[in-house]
Amino acid sequence: MKIATWNVNSVNARLETVLKWFREASPDVACLQEIKCVDEKFPREAFEDLGYNVVVHGQKTYNGVALLSKSPVEDVRRGLPGDEADDQARYVEAVISGPTPVRVVGIYLPNGNPVASEKFGYKLGWMERLNRHVRELLALEEPLVVAGDYNVIPEPADVHDPVAWMDDALFQPQSRGAFRALKWLGLTDAYMEVDGAPGGYTFWDYQAGAWPRNHGIRIDHALLSPQACDRLLGCEIHRDVRDWEKPSDHVPVVVELAL
DNA sequence: ATGTCGACAATATGTCGA
């Protein structure tokens, strides 16, 4: 079973590019981030025509996540628990049906820039809430995949120029520490497990020739519970998609599990 | 430091967010 995560930077502005990739890669499950539309504006039928069940947690203009699955889904949750006042659409969760069900969580973790603003506090608070909720999900002792745009550069090997990113929220010690804390709950970074080569970037800014210069960062991750990691077959970063017509600034990451 | 996008309110470009 192939489970993908992709920050598409507007599903409607990117629809042809996104559908082209879905037709070629044909993931069984996909977590999309930054769909940038309300539920009613999500191009549901285009994905249903490709055979997907569609779960949308949208928002006007900003953020928004979706979960697509060829198999029926159960136990759908929209929104990260722990703060009723949080109105940003960044979390979607569902159990994918099958002989061995797998719980998939799709996240769009807050960017947090600039560091000297309330946005950074929101990011760290969100990561703490995620930690608390993942702790509960891990207690279920079932295959679990937490995939998405984490907006965290875990290690210096995950950025072309670590010094240039020192003051960025994505590479702050607190952000990296919260990501490590999440892993220390018992999750495994799929890319590091099966590949781990330095420079496995997933994002290149549109600006300043970041893509042709390979000034990238690795911020899109799939973390696996032990029960999911035991079934891990592969993890691929679809880097070539960054060179397509009208690309997102992120590329898809695909995890394959023996399910 | 910034060579780019996208949504939106608004009718042209400016603002915000990334």
Side-chain angles (χ1 to χ4, degrees), chain A residues 5-21 31-44 46 56-66 80 86-92 106-127 130 147-154 158-172 174-176 178-179 201-221 237-253:
Chain A
T5 176
W6 192 10
N7 179 322
V8 295
N9 186 20
S10 174
V11 70
N12 285 307
R14 199 91 43 226
L15 189 57
E16 289 316 307
T17 307
V18 171
L19 292 177
K20 175 176 147 79
W21 181 78
C31 304
L32 303 184
Q33 301 90 37
E34 280 205 272
I35 61 172
K36 290 188 173 178
C37 64
V38 294
D39 294 10
E40 299 73 37
K41 294 263 180 73
F42 188 88
R44 171 179 292 268
V56 185
H57 183 37
Q59 178 184 338
K60 190 178 177 186
T61 311
Y62 305 120
N63 312 317
V65 290
L80 179 62
D86 185 4
D87 56 357
Q88 299 192 26
R90 299 177 172 277
Y91 185 97
V92 63
I107 65 167
Y108 176 46
L109 209 146
N111 176 296
N113 278 304
V115 172
S117 74
E118 71 290 344
K119 291 179 183 176
F120 190 56
Y122 174 69
K123 178 189 190 118
L124 296 179
W126 205 94
M127 294 186 83
L130 180 64
D149 176 359
Y150 279 73
N151 268 316
V152 175
I153 303 165
D158 299 315
V159 49
H160 74 283
D161 182 0
V163 174
W165 287 78
M166 284 251 295
D167 297 327
D168 197 283
L170 279 60
F171 199 47
Q172 288 301 295
Q174 296 101 310
S175 309
R176 296 174 58 194
F179 185 78
Y201 306 142
T202 63
F203 168 94
W204 297 260
D205 202 296
Y206 289 121
Q207 298 188 70
W211 167 243
R213 294 172 190 204
N214 195 26
H215 289 179
I217 53 179
R218 190 174 74 93
I219 56 175
D220 299 272
H221 310 296
I237 298 168
H238 288 211
R239 183 188 173 96
D240 59 302
V241 177
R242 190 61 178 78
D243 242 346
W244 288 10
E245 285 281 305
K246 221 172 183 302
S248 169
D249 39 9
H250 297 250
V251 295
V253 177

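Labels below follow one simple rule: chain letters A, B, ... track the order of the sequence lines, proteins then strands, and each chain is numbered from 1.
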Interatomic distance where CD1 belongs to A:I35 and P belongs to B:dG6 [whole Å]: 16 Å
When you compare B:dG17 with B:dT2, how far apart are their C1' atoms, in angstrom units rounded to a whole number? 15 Å
Complement of B:dT2, any strand, by Watson-Crick or G-U distances under 3.5 angstrom: none
What contact category does A:F203 fall into here, base, sugar-phosphate, or nothing, at under 4.0 angstrom with non-hydrogen atoms? nothing
In whole Å, I'd like the distance from the CD atom of A:Q59 to the P atom of B:dC16. 17 Å
If each of A:G209 and A:P247 is mapped to the nucleotide of DNA chain B with the nearest heavy atom, which maps nearer the 5' terminus, i.e. the 5' end? A:G209
Need one value for A:A13: base, sugar-phosphate or nothing, where a base atom within 4.0 Å counts as base even if backbone is also close, heavy atoms only. sugar-phosphate
In Å and rounded to the nearest 0.5 Å, what is the CG to NZ distance from A:N113 to A:K123? 7.0 Å
For atom CG of A:D149 and atom P of B:dG17, their distance in whole Å: 17 Å
A:E34 CD to B:dT4 P: how many Å, rounded? 19 Å
Distance below 4.0 Å between A:K60 side-chain N/O and B:dA9 OP1 or OP2: yes
Heavy atoms, side chains only, cut-off 4.5 Å: are A:W126 and A:D86 in contact? yes
Rounded to whole Å, CG of A:D205 lies from C1' of B:dC5 at a distance of 9 Å
Just N and O in the side chain of A:K119: are any of them under 4.0 Å from OP1 or OP2 of B:dG17? yes
Nearest-Å distance, OH (A:Y108) to C1' (B:dG6)? 12 Å
Measure from CD on A:Q33 to P on B:dA18 and round the result to the nearest Å. 14 Å
Can you tell which of B:dG17, B:dT4, B:dA1 lies closest to the side chain of A:Y206? B:dT4
Taking atom types as modelled, is there a side-chain donor on A:W211 or A:D243 under 3.5 Å from an acceptor on the other? yes
Atom CD1 of A:I35 and atom NZ of A:K41: how far apart are they, to the nearest 0.5 Å? 12.0 Å
So A:H160 and A:W165, would you call those rings parallel, tilted or perpendicular, with 30° and 60° as cut-offs? perpendicular
Rounded to the nearest Å, what distance is computed from the CG atom of residue A:L15 to the C1' atom of nucleotide B:dA7? 16 Å
Residue closer to the 5' end of DNA chain B, A:N12 versus A:G112 (nearest nucleotide): A:N12
Side-chain N,O (A:K246) to OP1/OP2 (B:dG6) below 4.0 Å: yes
Between B:dA10 and B:dG6 - P atom distance, rounded Å: 22 Å
Roughly how many Å apart are B:dA7 and B:dG3, using the C1' atom of each and rounding to a whole number? 22 Å
As a test of reading the structure: which of B:dA7, B:dA1, B:dA18 is closest to the side chain of A:A208, going by heavy atoms? B:dA1
Looking at the side chain of A:T61, which of B:dG17, B:dA18, B:dA7 is the nearest nucleotide? B:dA7
Gap separating the CG atom of A:N151 from the CD atom of A:Q33, nearest 0.5 angstrom: 9.5 Å
